[in-house]
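Written out below as structure tokens is the structure these notes cover.
Computed over heavy atoms, backbone and side chain alike; hydrogens, waters and symmetry mates excluded. Letters A, B, ... mirror the listed sequences (proteins, then strands); counts begin at 1.
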There are 2 protein chains.
Amino acid sequence: MSATQIDAVTLDGAGPLYDQIRRAIRDLILAGTWPPGTSVPPEHALMEKLGASRMTVHRALAQLAREGLILRRRRSGTVVASPPASHAMLDILSIPEEVGELGQAYSYRILQRRDGKASREVAARFELGRSVNVTHLTLLHFADGAPHVLEDRVIHPTAMPQVADESFAQTPPGDWLLQNSLWTQAEHAISAIAAEPDEAELLKIEAGSPCLLVERRTWNQSEPITAVRLLYPGGRHRFVGRFGPYGAV
Amino acid sequence: MSATQIDAVTLDGAGPLYDQIRRAIRDLILAGTWPPGTSVPPEHALMEKLGASRMTVHRALAQLAREGLILRRRRSGTVVASPPASHAMLDILSIPEEVGELGQAYSYRILQRRDGKASREVAARFELGRSVNVTHLTLLHFADGAPHVLEDRVIHPTAMPQVADESFAQTPPGDWLLQNSLWTQAEHAISAIAAEPDEAELLKIEAGSPCLLVERRTWNQSEPITAVRLLYPGGRHRFVGRFGPYGAV
DNA sequence: CAGTGGTCTAGACCACATC
DNA sequence: ATGTGGTCTAGACCACTGG
């Protein structure tokens, strides 16, 4: 929507021209100089500014559109896209959505919150250095009133200073982070573990029952944002993905 | 390497020309008409045959190259690529490789093989219709002599008639299928279950221990090829994936 | 209607790897 | 040396859609 500084587009002279243009615009988007919603200059403006033919400019923009960084529409032009909310196979980024897709009613409860230096136990669980300040939360998510998943999370206030003023009364921390943080890397791990007695009691299953443990950590440019452990009662949950040998189907 | 029938490339008149060309060639590859290693006609030959400009032909081929279906090299030309062996996050397509990457010695043992109509139990487990002929196998894979994963598999002889003459003495069925079948779709599911007593005994764990169950089914053009259930002792195994908001990192 | 992107052409020059 | 793909241009026509 907002106006755009076309002069911000500068080429580095390395590699094919269409790729220089693609990278120049991509970098402006990823650096936040052109936030989501920003208008990207039309092809003819970039042609003149950069001295390239329209085909070459178009090739750069078409590739950015394929990658999902920009949205293009005839007449109304090109705008910077919002980062995608969900993600291929394993992505269960939003638990409210996950429950909603099962057709069940969602609710959640914060069991505990502690801001400050991580205890030795929490530090070990999330592989944190000693004396790192974090916000540590445990939550229980419900589907139709029944326990759905147990969440154990740390948030790094260095990356998210706003966390101190957020109560998470309206929005669970996972969704709040999705809306308020920019992440560039994530790591997922899946394993099967037996529920500890305290966990089993919260999830209303028997101690020792098999559970699916999904661990996710996210970073912005190697600065950690959050780490979470999601414990799903086994049997009731499966993560499914479908694809072909050359990519998603 | 082999000669190529350029006349096999036929357009359907639907959508942009470059996309018609891309789909025509993609379909020849996926159908096996042009198997891996086949030479794809050079751009000028496709230009003449299809009456398109070179830019348009190039656009189609460049996209197929980005998708990994063909390999292009100056002077030597374009050939159909071999399907990729591995696959992003969850793909543990070859158990020997998986064990090798852990730095452990691999071995395996066939516990059972039965060719013919699936028993009611097997049919239910793999969601097969009644009176479907399959080869049913159970195997145990070892890492450094210790049980690593329990495999339970059905292979459809309609898709893989050679299975009748294969003893799997040299190569486990998963790797044999990778080498001898063409698949276009796969589905994965991951869940956590408790080991049944017989499974636990084979894996040398306690009955009821949490295990990671990886189920995979593969098809070629909606014809089923194989379905497998891999039972990994919990705790010892994690599946890890790394990516960014716009794709793999 | 006019501005935007989508496609396509004809031709050109270049880089590269094999012959 | 030559055949191949990689890039780029200048220009054209069309499709869509907001003013």
Is [Y] close to [X] at the side-chain level, that is, under 4.5 Å between some pair of heavy atoms?
X: A/Leu177; Y: A/Thr218; answer: no
X: A/Val9; Y: A/Leu28; answer: yes
X: A/Val80; Y: A/Leu69; answer: no
X: B/Arg153; Y: B/Leu230; answer: no
X: A/Glu151; Y: A/Leu137; answer: no
X: A/His58; Y: A/Arg72; answer: yes
X: A/Asp12; Y: A/Arg23; answer: yes

- Message: B/Asp144: which residues meet the salt bridge (Lys or Arg N to Asp or Glu O under 4.0 Å) condition with it, sequence neighbours left out?
- Response: none
Review item, side-chain donor-acceptor pairs of residues 102-110 of chain A, under 3.5 Å, at least two apart:
residue: A/Tyr106; atom: OH; partner: A/His141; partner atom: ND1; Å: 2.6
residue: A/Tyr108; atom: OH; partner: A/Phe168; partner atom: O; Å: 2.6
residue: A/Tyr108; atom: OH; partner: A/Ala169; partner atom: O; Å: 3.1
residue: A/Tyr108; atom: OH; partner: A/Thr171; partner atom: N; Å: 3.2

- Query: Just by distance, with hydrogens left out, do A/Arg217 and A/Thr226 show a side-chain donor and acceptor under 3.5 Å apart?
  - Reply: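 Short answer, no.
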- Message: Under 3.5 Å, is there a donor on one side chain and an acceptor on the other for B/Gln162 and B/Glu166?
- Response: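 Checked: B/Gln162/B/Glu166 side chains show no N/O donor-acceptor pair below 3.5 Å.
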- Item | Positions of residues 8-20 of chain B (non-hydrogen atom under 4.0 Å from DNA chain C), listed by number |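 Only B/Pro16, B/Leu17, B/Tyr18 qualify.
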- Boundaries of the chain A footprint along DNA chain C (any atom under 4.0 Å from a heavy atom): C/dA2 to C/dC8
- Positive for side chain to side chain contact (heavy atoms under 4.5 Å, CB included) with A/Val40, one of A/Leu61, A/Leu64, A/Val79: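 By the side chain to side chain contact (heavy atoms under 4.5 Å, CB included) criterion, A/Val40 pairs with just one of A/Leu61, A/Leu64, A/Val79: A/Leu61.
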- Query: For A/Arg72 and D/dC16, what is the distance between atoms CZ and P respectively, to the nearest whole Å?
  - Reply: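 In whole Å, D/dC16 P and A/Arg72 CZ are 16 Å from each other.
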- Query: Over how many whole Å does the gap from B/Leu61 atom CG to D/dT4 atom P extend?
  - Reply: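 These atoms are roughly 13 Å apart.
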- Counting only non-hydrogen atoms, which of residues 50-60 of chain A are less than 4.0 Å from DNA chain D?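 Correct list: A/Gly51, A/Ala52, A/Ser53, A/Arg54, A/Met55, A/Thr56, A/Arg59.
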- Task: Report the C-alpha separation of A/Arg26 and A/Gln63 in whole Å, then their side-chain angles, then the decisive distance to 0.1 Å, and conclude whether the side chain to side chain contact (heavy atoms under 4.5 Å, CB included) test is met.
- Result: CA-CA 10 Å; A/Arg26 181 203 63 188; A/Gln63 183 160 346; over 6 Å; no
Polar pairs (N or O, both sides) under 3.5 Å between protein and nucleotides 17-19 of chain D?
none

